[in-house]
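Here the structure comes first, spelled out in structure tokens, and everything after it is commentary.
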Protein chains: 4
Amino acid sequence: MRAKSFTEERRRAQIVEAAIDTIAELGYARTSFGQIAKRAGLSSTGMISYHFRNKAELMNQVVSDVYAVATGIVGARIDEAPTPGGQLRAFIEASVRFYRTHHRHMRALTEIWLAERSEERAVPHQQELQALQGIFRAGQRSGEFRDFSPEVMAVALRHALDGVALHLGADPDADPDRYADELVTLFDLATRKEPR
Amino acid sequence: MRAKSFTEERRRAQIVEAAIDTIAELGYARTSFGQIAKRAGLSSTGMISYHFRNKAELMNQVVSDVYAVATGIVGARIDEAPTPGGQLRAFIEASVRFYRTHHRHMRALTEIWLAERSEERAVPHQQELQALQGIFRAGQRSGEFRDFSPEVMAVALRHALDGVALHLGADPDADPDRYADELVTLFDLATRKEPR
Amino acid sequence: MRAKSFTEERRRAQIVEAAIDTIAELGYARTSFGQIAKRAGLSSTGMISYHFRNKAELMNQVVSDVYAVATGIVGARIDEAPTPGGQLRAFIEASVRFYRTHHRHMRALTEIWLAERSEERAVPHQQELQALQGIFRAGQRSGEFRDFSPEVMAVALRHALDGVALHLGADPDADPDRYADELVTLFDLATRKEPR
Amino acid sequence: MRAKSFTEERRRAQIVEAAIDTIAELGYARTSFGQIAKRAGLSSTGMISYHFRNKAELMNQVVSDVYAVATGIVGARIDEAPTPGGQLRAFIEASVRFYRTHHRHMRALTEIWLAERSEERAVPHQQELQALQGIFRAGQRSGEFRDFSPEVMAVALRHALDGVALHLGADPDADPDRYADELVTLFDLATRKEPR
DNA sequence: TATGAATGAGATTTCATTCAT
DNA sequence: TATGAATGAAATCTCATTCAT
């Protein structure tokens with residue numbers, strides 16, 4: 001496989017962007033090459049097939065692009081925090097903020113993941129769940145966190161965040177900072193060892 | 001709208017059951033009238049169109065049927081509990097138990113809700129979220145719960161449960177009781193007023 | 001698999017006939033569901049997909065239908081002949097006559113067989129070649145035929161007939177009886193033991 | 001039409017070779033410019049369109065190239081033979097040998113001829129059939145051959161050879177020399193005047 | 001009510017060909 | 001000449017829905 005040219009990459013990115021828009025607007029089920037091509041200003045769906053082997057490859061690209069952006073942003077905030085407790089707070093705050101600034105991306109990500117779950121039976125968020133479990137284990141070792149199941153806690157947090165994303169997306173008037181604060185407190189109380 | 005005859009209702013129920021099976025087995029995207037008819041033992045997809053105005057109506061029926069069953073079971077357990085804290089615990093335990101005993105139903109529910117979300121822009125779980133908020137408000141009034149946002153807490157709990165359902169579905173070896181216990185402790189710590 | 005209804009069978013036959021017409025007229029490469037539907041008077045290509053699982057099944061049906069007709073007619077003539085030499089003559093004459101009366105069918109048969117050869121690498125005419133070899137072996141046992149390779153002779157005769165079919169199809173003025181007579185003499189001389 | 005430069009001719013030849021490979025490997029139906037370009041090491045299918053007006057011109061070039069090679073080899077052997085009977089034998093033997101040594105070419109030739117027959121309504125092998133008829137007529141004039149229709153005999157021989165090519169291609173263990181010997185005897189008996 | 005046939009829209013994908021650079 | 005991007009037509013197949021019986 002040859003390296004892709006600059007023009008090629010730009011076109012692919014343009015198509016991926018159009019795909020994100022389409023999914024966010026119509027939902028996965030109603031997203032077709034025709035709709036994507038229209039939004040990308042392409043003259044033919046053939047153009048999409050030209051740049052992506054098939055629909056699955058396009059969707060994979062959407063997922064990995066969004067994931068890359070998200071983990072870049074959120075990961076940076078986590079790394080700045082000194083303690084596991086701080087990292088947990090950073091993760092929640094950065095995630096909620098990302099949902100607000102990139103809510104089209106999140107929407108698309110969720111739609112794809114859910115639609116394709118049926119096909120591949122995969123459990124999503126594996127990477128992120130691993131990272132969260134790492135934070136939890138570190139906090140338990142350092143004595144900052146109480147003794148709980150890192151797996152269950154990670155799943156709970158990760159999906160609570162998904163729920164929040166959904167509600168923030170559906171209600172434009174909702175205040176993301178308040179959601180973030182509430183979640184921070186919730187999981188702080190649920191994980192800390194010593195009651196305040 | 002004429003009242004539906006007994007035979008009519010039986011047929012509709014049969015079709016709804018087949019739809020649940022189909023979605024649970026193939027996923028929403030691959031669920032077609034043809035597949036549903038095959039599983040229902042119907043000789044023609046025309047039969048489905050005869051009993052349901054269109055696909056959306058069938059799916060709505062699936063959702064409301066499953067919801068009715070779930071609310072019946074879970075609601076009964078909640079009503080038995082005397083205090084808001086006990087109701088919270090009962091809700092979590094009954095929900096996880098329901099996921100285990102009715103996982104085909106849950107699967108179908110999630111698939112439909114997610115696939116059709118885009119079309120109706122509805123936020124899912126509205127009924128349940130209201131009920132949860134009621135519990136939280138009661139606990140706050142009685143002084144059993146601390147001061148937090150009932151909306152955010154309800155969303156967090158509801159989706160944490162969804163996440164658990166997903167993981168229990170994907171991993172047949174996982175222990176539902178352990179997941180339930182962990183969640184009970186998590187939300188107990190997150191909601192109670194007095195540290196233990 | 002349920003038995004097919006009368007109407008179903010008639011529709012299938014109608015589609016098969018239209019397919020034969022289309023292939024004979026346009027050649028296999030340019031035969032599409034669209035062209036077949038047009039000739040069959042169908043409103044949509046979906047109708048073809050409704051009655052045949054896919055294109056391959058339709059083509060198989062064409063082949064087996066034509067084969068059935070051909071072997072019925074030719075086989076009957078062969079069975080009437082008392083000696084291997086007579087059967088050989090009957091086979092050639094009946095075949096050439098069939099090409100004349102059913103030249104659309106033959107054309108379609110050849111086109112399909114050749115187009116699909118690429119896909120399945122199968123050698124065509126297997127059934128007929130076996131039958132021919134049987135005749136040759138019987139004649140050799142009875143002393144009527146000389147000692148030659150039944151395989152090679154069968155292949156030579158079968159494809160010589162194909163060539164004749166092709167030329168009779170391309171040249172409407174050609175006299176089939178003369179072609180038949182010449183072939184009969186050719187293979188009589190090539191197979192008989194005693195020179196006349 | 002401008003004379004083609006050396007480089008131009010080399011490119012065309014390279015593309016024709018790649019086309020032969022592709023057809024022999026995939027069959028005509030699956031042969032696309034994309035596949036040909038890949039095998040020719042070209043970076044774009046546009047290159048093929050640049051050197052050939054359209055697909056038909058490329059295929060015609062393949063046919064005439066292969067024909068030229070075959071006629072050169074087989075023709076040389078025929079010319080060495082002194083009598084029509086000898087020429088007939090030489091034609092058969094050289095043809096079978098050619099099938100063995102150039103079976104990719106033969107395969108491509110047959111595929112194209114068959115796939116495109118429909119478009120041009122041409123009967124194949126015209127050149128060769130003329131040559132064969134010439135041999136037959138000469139033998140009839142010299143008294144070496146009996147009185148038969150040169151046209152029919154030519155068609156029969158030509159297609160019998162095609163059949164043999166097919167079977168040799170499909171069965172790598174078959175012995176070409178035996179097939180050649182059998183065919184020589186067959187057509188010797190069928191054409192000679194005096195029984196041996 | 002039930003059946004199976006019919007419809008027509010729409011989806012993905014492949015392809016030959018054209019065009020700007 | 002060569003490249004790769006772009007185009008638009010066409011092909012097969014699936015599907016929800018309608019209709020006559």
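By convention in this document, chain letters (A, B, ...) are assigned in the order of the sequence lines, proteins followed by strands, and residues within each chain are numbered from 1. Just so it is clear, the model here is predicted, and its values are computed rather than measured.
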Closest to the 5' end of DNA chain E, once A/Arg53 and D/Ser44 are matched to their nearest nucleotides, is A/Arg53
Give D/Ser49 one of three labels, base, sugar-phosphate or nothing, depending on what nucleic acid heavy atoms sit under 4.0 Å from its own. base
Please report the distance, rounded to the nearest Å, between CZ in B/Arg12 and P in E/dA2. 13 Å
What is the distance, to the nearest angstrom, from the CZ atom on A/Phe52 to the P atom on E/dT13? 13 Å
Would you kindly give the CD1-to-C1' distance between D/Ile15 and E/dA16, to the nearest whole Å? 14 Å
Measure NZ/A/Lys38 against C1'/E/dG10 and give the value in whole Å, please. 13 Å
Between the side chains of A/Arg104 and A/Glu17, is the shortest nitrogen-to-carboxylate-oxygen separation below 4.0 Å, so that they form an ion pair? yes
Think C/Arg11 has a side-chain N or O under 4.0 angstrom from the OP1 or OP2 of E/dA6? yes
Side chain of A/Gln61, backbone of A/Val16: donor and acceptor closer than 3.5 Å? no
Does the pair D/Arg39/D/Glu25 count as a salt bridge with the N-to-O cut at 4.0 Å? yes
Phosphate OP1/OP2 of E/dT7: any C/Ser43 side-chain N/O under 4.0 Å: yes
When you check the gap from the basic side-chain N to the acidic O, do B/Arg30 and B/Glu111 get nearer than 4.0 Å? no
Value in whole Å for how far the C1' atom of F/dC15 lies from CD1 of B/Ile36: 12 Å
C/Gly41 vs D/Thr31, nearer the 5' end of DNA chain E by closest nucleotide: C/Gly41
Any N or O donor-acceptor pair under 3.5 Å from the base of E/dT17 to the side chain of D/Thr45? yes
Which part of the nucleic acid, if any, lies within reach of B/Phe33 when heavy atoms closer than 4.0 Å are counted: base, sugar-phosphate only, or nothing? base
Watson-Crick and G-U pairing of DNA chain E, under 3.5 Å, as dot-bracket with | and [ ]: .||||||||||||||||||||
Heavy atoms only: give me the nearest A/Thr31-A/Lys55 pair and the separation to one decimal. O-NZ, 3.2 Å
What is the distance, rounded to the nearest whole Å, between atom CE of B/Met47 and atom P of F/dT18? 14 Å
Starting at CG of D/Leu42 and ending at P of F/dA2, how long is that distance when rounded to a whole Å? 9 Å
Crowded around D/His102 NE2? As in, over 12 foreign heavy atoms under 6.0 Å? yes
Counting only side-chain N and O atoms of D/His51, is one of them less than 4.0 Å from OP1 or OP2 of F/dA2? yes
Distance-only donor-acceptor test, A/Tyr50 side-chain atoms vs F/dA5 base atoms, 3.5 Å: yes
Nearest whole Å is fine: how far is F/dT14 C1' from A/Lys55 NZ? 13 Å
Identify whether the distance between the nearest side-chain nitrogen and carboxylate oxygen of A/Arg12 and A/Glu57 falls below 4.0 Å. yes
